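What follows is one structure encoded as structure tokens, with my remarks underneath.
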Amino acid sequence: LHIRDDLAAAQAQMLACLTEPGTWWTGAERRAIALEARAARDCALCAERKAALSPFSVDGFHDGPAELDTAVVDVIHRIVTDPGRLARSWYKGVIADSGLTPERYVELVAATVIMNAVDVFARAVGYASPALANVTAGTPSKARPLSATVEGAWVPQIPVGGDDWTALYEDRVSVPQIGRALSLVPAEVNLLNLVLASHYMQLDKVTNTTHIEPGRAIDRLQMELVASRVSAVNECFY
């Protein structure tokens, strides 16, 4: 298959970021999160939970490298295999019982879905799952947007307006909620925007239904049909 240069470059950058220090997790911890996310798709416990009436009625141990705390491992596996049945009450329990902070949770979600996206892409085009690079040394910056607050979502987000908003979204007033979901960790939003531009379209073009993304093999209506079908299969909240 011919893969566009921008798409291949984005996939490579997504893979590389999984072994580099983040804002709240070290490179080694991010790599462990990624490997756990990769293992989740073939986890017997997750498959049993997925088939159960309630995913919280089945106990056991996850298949995977188990390099992280068991509570953190459970969060990763649930996000990968059964996100449609997670609820705010589950999130609150995670924050209360797992030792995760909202900031570390947001970055964990980002790393988990990035690994999943890389592996699913490889499978779709017939490639083997790519190997993760060696860990890059460094210390997480732990830089938190000062204005971040809870505005209806499970986690704090950067509110519209102000220095934090301008630094991340420039002069845009309207940003889709999905584009704000990771704003507690701005570095992950920047990566999301990169991924959107190559895998879908620029964030500021999403709400423009007449926008035609150049260099694509399918048109906008076909793109939305595929996106809607994938969202339905994945039981996407939106």
Side-chain angles (χ1 to χ4, degrees), residues 1-50 60-83 98 100 103-142 181-182 185-200 215 217 226 230 233-234:
L1 294 175
H2 171 70
I3 299 173
R4 299 192 325 268
D5 290 343
D6 66 311
L7 189 55
Q11 285 282 317
Q13 186 164 351
M14 291 162 66
L15 189 66
C17 84
L18 294 172
T19 55
E20 298 171 349
T23 305
W24 297 94
W25 297 85
T26 66
E29 289 171 331
R30 286 174 64 87
R31 190 177 193 276
I33 291 170
L35 290 176
E36 205 64 62
R38 173 172 282 175
R41 292 194 306 279
D42 297 316
C43 175
L45 174 62
C46 288
E48 185 179 356
R49 283 179 171 175
K50 183 70 174 178
F61 296 96
H62 291 289
D63 298 322
E67 296 177 9
L68 299 164
D69 182 83
T70 55
V72 174
V73 168
D74 189 64
V75 171
I76 296 168
H77 279 245
R78 290 186 188 275
I79 291 171
V80 172
T81 63
D82 202 11
S98 70
L100 288 173
E103 294 82 5
R104 284 169 67 83
Y105 172 82
V106 169
E107 186 172 321
L108 178 144
V109 169
T112 297
V113 299
I114 288 168
M115 181 76 271
N116 195 54
V118 168
D119 281 350
V120 170
F121 179 85
R123 183 175 63 191
V125 299
Y127 292 171
S129 295
L132 288 166
N134 292 328
V135 171
T136 300
T139 303
S141 65
K142 298 185 178 180
L182 302 175
V185 186
E188 303 302 334
V189 176
N190 291 331
L191 181 63
L192 174 65
N193 289 339
L194 167 73
V195 173
L196 276 173
S198 56
H199 290 67
Y200 186 34
V226 172
V230 170
V233 170
N234 287 337

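Here the structure is a predicted model, which is why all the values come from computation and not from measurement.
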Value rounded to 0.5 Å, distance of [atom1] in [X] from [atom2] in [Y]:
X     : Y     : atom1 : atom2 : answer
Ile33 : Thr26 : CD1   : OG1   : 8.5 Å
Thr81 : Leu45 : OG1   : CG    : 8.5 Å
Leu7  : Gln11 : CG    : CD    : 6.0 Å

message: Apply salt bridge (charged side-chain N to carboxylate O under 4.0 Å, His left out) to residues Arg41 and Asp119 and explain how you reach the verdict.
response: CA-CA 10 Å; Arg41 292 194 306 279; Asp119 281 350; 3.1 Å; yes

If you look at every heavy atom in [X] and [Y], which pair is closest and at what distance?
X      : Y      : result
Arg38  : Pro130 : NH2-O, 2.8 Å
Ala128 : Ala122 : O-CB, 3.8 Å
Ala39  : His77  : C-CE1, 4.4 Å
Ile114 : Met14  : CG2-O, 3.6 Å
Glu67  : Ala32  : OE1-CB, 3.5 Å
Leu132 : Ala34  : CD1-CB, 4.0 Å

Residues which pass salt bridge (charged side-chain N to carboxylate O under 4.0 Å, His left out) with [X], listed by chain and number, not counting sequence neighbours:
X      : answer
Glu103 : Arg144
Asp6   : Arg4
Arg30  : Glu107, Glu188
Glu36  : none

field: Arg31 side-chain N/O to Thr136 backbone N/O, donor-acceptor pair under 3.5 Å
entry: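 No.
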
query: Which pairs count as side-chain hydrogen bond (donor to acceptor under 3.5 Å, both in side chains) when at least one residue sits in residues 123-134, sequence neighbours excluded?
result: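 Qualifying pairs: none.
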
message: Tell me if the CG atom of Asn234 is crowded by more than 12 foreign heavy atoms within 6.0 Å.
response: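 Yes, the 6.0 Å shell around CG holds more than 12 heavy atoms from other groups.
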
So do [Y] and [X] actually touch side chain to side chain, heavy atoms under 4.5 Å?
X     : Y      : value
Ile79 : Leu108 : yes
Gln13 : Leu194 : yes
Leu15 : Met115 : yes

Set of residues satisfying side-chain hydrogen bond (donor to acceptor under 3.5 Å, both in side chains) with respect to [X], sequence neighbours excluded:
X      : answer
Asp63  : none
Tyr200 : Glu224
Ser98  : none

query: What pairs with Tyr105 under ring-ring contact (aromatic ring centres under 6.0 Å, His included), at least two apart in sequence or on another chain?
result: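 Tyr91.
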
N/O donor to acceptor pairs below 3.5 angstrom from side-chain atoms of residues 16-25, sequence neighbours left out:
{"unit_1": "Thr19", "atom_1": "OG1", "unit_2": "Ala16", "atom_2": "O", "d": "3.2"}
{"unit_1": "Trp25", "atom_1": "NE1", "unit_2": "Arg104", "atom_2": "O", "d": "2.9"}

- prompt: Leu182 and Leu191: side-chain contact (heavy atoms from CB on, under 4.5 Å), yes or no, with the steps?
  reply: CA-CA 10 Å; Leu182 302 175; Leu191 181 63; over 6 Å; no

task: Could you tell me which residues satisfy side-chain contact (heavy atoms from CB on, under 4.5 Å) with Leu192, sequence neighbours excluded, listed by chain and number?
output: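 If we apply the side-chain contact (heavy atoms from CB on, under 4.5 Å) test to Leu192, skipping adjacent residues, the hits are Leu196.
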
task: Would you please name every residue forming a side-chain contact (heavy atoms from CB on, under 4.5 Å) with Ala47, sequence neighbours left out?
output: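 Partners of Ala47 under the side-chain contact (heavy atoms from CB on, under 4.5 Å) test: none.
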
